[in-house]
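Reckoned from all heavy atoms, side chains included, excluding hydrogens, waters and symmetry mates. Chain naming here is simple, since letters A, B, ... match the order of the sequence lines and numbering starts at 1 in each. None of these values were measured; they are calculated from a predicted model.
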Protein chains: 2
Amino acid sequence: MELSERKKKILQAIIDDYIVTAEPVGSSHILKSHNLGISSATVRNEMASLEEGGYLEKPHTSAGRVPSYLGYRVYVDELMNEYRLSVSEISQITNAFRQRYAELSKTIEGISNAISGLTNYTTLYTTPASCGTIIKSFKLIPIDEKSFVMIVVMDDGSVKNRTIRVKSEFDSGVLEKLSNYLNYRFSNINSSILTPETLEGEKQLVPIESGMLDSIFGFLADIANSDNSGDLLLTGTTNIFNHPEFSSIDRTREFLEFVKKDNIGKLKELISATGDSTSVIIGNENPVLKDKDISLVVSNYSLGGGVKGKLAIIGPTRMDYARVISTLDYLTGCINEAISKEGEQID
Amino acid sequence: MELSERKKKILQAIIDDYIVTAEPVGSSHILKSHNLGISSATVRNEMASLEEGGYLEKPHTSAGRVPSYLGYRVYVDELMNEYRLSVSEISQITNAFRQRYAELSKTIEGISNAISGLTNYTTLYTTPASCGTIIKSFKLIPIDEKSFVMIVVMDDGSVKNRTIRVKSEFDSGVLEKLSNYLNYRFSNINSSILTPETLEGEKQLVPIESGMLDSIFGFLADIANSDNSGDLLLTGTTNIFNHPEFSSIDRTREFLEFVKKDNIGKLKELISATGDSTSVIIGNENPVLKDKDISLVVSNYSLGGGVKGKLAIIGPTRMDYARVISTLDYLTGCINEAISKEGEQID
DNA sequence: TGTTAGCACTCTTTTGGTAAGAGTGCTAAC
DNA sequence: GTTAGCACTCTTACCAAAAGAGTGCTAACA
């Protein structure tokens, strides 16, 4: 069904209103807020037609219309007006970005937090995943007679460490030997090739007698394993209380439980699978969100030095898409601009 | 007001019932569930007296009685029966504890998670705070021409690191010199003495010319600063949906917002201030919880090697104190026992 | 032929009023 | 001191009526 210009205008008007009021929109209501130059009867006819086309829905006979998922899709793809960020919004984004913390993860959390506050929705972000990075070097540092710290520095500057405690005392000479061996054997290789099989075979060949080998190789295996699995974290979960669709305790519970534990894996997959440009997933469009009345807007962030991740907004399908998209895009722009300034210290 | 034995029995019966049903308890109701050998009229008289003494409250004239904070206090201190954990509960605790993860923080999170599941309340835990630990050694490892990783190993085996990027290229000789200098000057000292003043003075005296000094000393300052401030983390927040006092969206919102961000600092203080034995904070007893109808049960955990922290349950004042306390105490016992087994590998 | 005024009809929400239920507190008797 | 009995209070559940919002259809109109 090809939509006439008038139908598009009406659809847009309905969704614009619905996003603000969260109430089904009636024919006469539209005329008050939009100057369409037609009567309510005409609007009613068009609405009936739009409903037939699957763009609108009726909660019940005597209620106004509500957008369907298809309606939102058309709205997002071609109807909505671009949202222009206010000066205050722009300055908040800029501030969030300027305020770099000592730890990378804190920086991203800070940005995510700002986005939550700004949009009034919940923000999801992946921590930077070091998918198959290269091991740079090893250090084994004694703590006391029976324990030491094993430190692995990756090519991208990330550091992994574990305290290893063993049953009997060791002397530091062994640590030195082991350290040298690890550096000789495993440095400058991609961690992803450290499969359990490779490691098992390698362990047999170590020319150093020691009870620590199991722990050391266990850690190596974990590194290979944990790689490419950045976490998916949340900020602003309590923002959902601000939206009328979550005024029922059951809906809220469903949302909060959805966004925790069990489904976080599915959500992460969904978010990771999106492309390089900002993308919008509306309600039932994806089985993961089926019947949840939830939409996602996913964008990409990059903090330079190969640090990349996803930043997503999750909220009711009745989301202020224009504003959310503008906010995310502005943020992305900000970051890229800052990074391209060669020489700026990023950390 | 000194409570007679009969009053104590009645108070206990009321609270026992109320903890299960969450409904105001009436005089005849008590007689059904507890064999007190007196009539409902007598119970009513005693209840009126208990109310006068401040142990009970009435939601309205024709409702049953509900415990006051004072009532709960007496209940927790002298009335409640000890809860005996079921075999299934014991095995769940044991399992949670056995399943050690690679990272310390994951282990604690796992235990906290198990406790949330077991008790059906929200669990708070502090990550181990390394209050004024001693610096063991430094490593500076180059990443590329313009960046390196600075690693600081602490006496207790914890590792802190930061990637430092500088404006102009450096050669690895400088790093080596700096590394030696740091080890010579700062190893085996308590990080808490690294005040901004000390560091500023020290920076002037470094015999090595380098643009990296600011970043390096900045990191040192952060280490001294960030010390003794373990985070306060949560598991099982959505458990509150299982309790009838949170069936209203407003109460739930209040709880979830309380337990997030703004108040987390206050909560941390409150929890940290408790003593070495398991302690119970009931409703208004503490200004932080004022009018929130929330109670806390706080216990201490220790994972050996100086790793200590708090593990707390937060929930409605109508909490199953006996069960919560037993669960936490059993867990603590478990841990201590495991640790005292010399030679067991803990990590 | 597309547009519009008018109106009957439907469905939800609000309101108010009554009945049922639970529990107290008092009184008088034991 | 304890208890049976009963009047009284307050909440909750239920139902019916009224109000309100919006549609869909019909007939008239440009």
Side-chain angles (χ1 to χ4, degrees), chain A residues 1-11 13-15 17-18 20-68 71 244-245 247-248, chain B residues 2-11 13-18 20-68 71 244-245 247-248:
Chain A
M1 173 179 181
E2 188 55 38
L3 292 178
S4 68
E5 274 311 305
R6 194 169 70 180
K7 281 202 175 63
K8 284 185 183 174
K9 269 204 170 138
I10 291 174
L11 182 57
I14 291 174
I15 301 186
D17 279 12
Y18 185 65
V20 175
T21 63
E23 298 289 336
V25 182
S27 55
S28 55
H29 202 277
I30 289 185
L31 298 177
K32 272 179 213 146
S33 47
H34 298 78
N35 193 10
L36 295 175
I38 49 179
S39 77
S40 69
T42 310
V43 174
R44 276 201 290 284
N45 286 335
E46 293 287 55
M47 279 163 98
S49 165
L50 281 166
E51 184 179 350
E52 207 169 331
Y55 301 97
L56 293 177
E57 281 165 8
K58 245 192 321 208
H60 56 87
T61 331
S62 68
R65 297 307 205 296
V66 158
S68 68
E245 33 271 274
S247 60
S248 116
Chain B
E2 189 54 37
L3 293 179
S4 68
E5 274 312 304
R6 193 169 74 180
K7 280 203 175 65
K8 282 184 183 173
K9 269 203 170 136
I10 292 175
L11 182 57
I14 292 173
I15 301 185
D16 277 343
D17 279 12
Y18 185 64
V20 176
T21 64
E23 298 290 337
V25 182
S27 53
S28 55
H29 202 278
I30 288 185
L31 298 178
K32 270 180 213 146
S33 46
H34 297 77
N35 193 9
L36 295 175
I38 48 179
S39 76
S40 70
T42 311
V43 173
R44 276 202 291 283
N45 286 335
E46 293 287 52
M47 280 163 101
S49 165
L50 281 165
E51 185 180 350
E52 208 169 329
Y55 301 96
L56 293 177
E57 281 165 8
K58 248 194 316 211
H60 56 85
T61 331
S62 69
R65 297 307 205 295
V66 158
S68 68
E245 33 270 275
S247 61
S248 117

Intra- and interstrand pairs of DNA chain C - dot-bracket, Watson-Crick/G-U under 3.5 Å, | marks other strand = ||||||||||||||||||||||||||||||
Footprint string (nucleotides 15-23 of chain D, 5' to 3'): B base within contact, S backbone only, - free, heavy atoms under 4.0 Å | ------BSB
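- Taking atom CD1 on A:I30 and atom P on C:dT4, their separation rounds to 14 Å, with Å as the unit.
- Proximity of a side-chain donor or acceptor of A:S68 to a complementary backbone N or O of A:G54 within less than 3.5 Å is detected.
- Here the CG-CE distance, from A:L11 to A:M47, works out to 10.0 Å after rounding to the nearest 0.5 Å.
- When rounded to the nearest whole Å, the span between CD1 of B:I38 and C1' of D:dA4 equals 15 Å.
- For the atom pair CG of A:L31 and OG of A:S39, the computed distance is 7.5 Å after rounding to the nearest 0.5 Å.
- In this structure, B:Y55 and B:L3 have side chains that are in contact, with non-hydrogen atoms separated by less than 4.5 Å.
- Here the straight-line distance linking atom CG of A:L50 with atom CD1 of A:I14 works out to 6.5 Å at 0.5 Å rounding.
- Applying the salt bridge (charged side-chain N to carboxylate O under 4.0 Å, His left out) definition to pairs two or more places apart or across chains, those involving residues 36-47 of chain B are B:R6-B:E46, B:K7-B:E46.
- Counting heavy atoms from C-beta on, the side chains of A:T42 and A:L36 never come closer than 4.5 Å.
- Computed from coordinates, the A:N45 CG to C:dT4 P distance equals 10 Å when rounded to whole Å.
- If you measure from atom CD of A:E46 to atom P of C:dT1, you get 17 Å, rounded to the nearest angstrom.
- Summarising the local packing, NZ of B:K9 is surrounded by 12 or fewer heavy atoms from other residues, nucleotides or ligands at distances under 6.0 Å.
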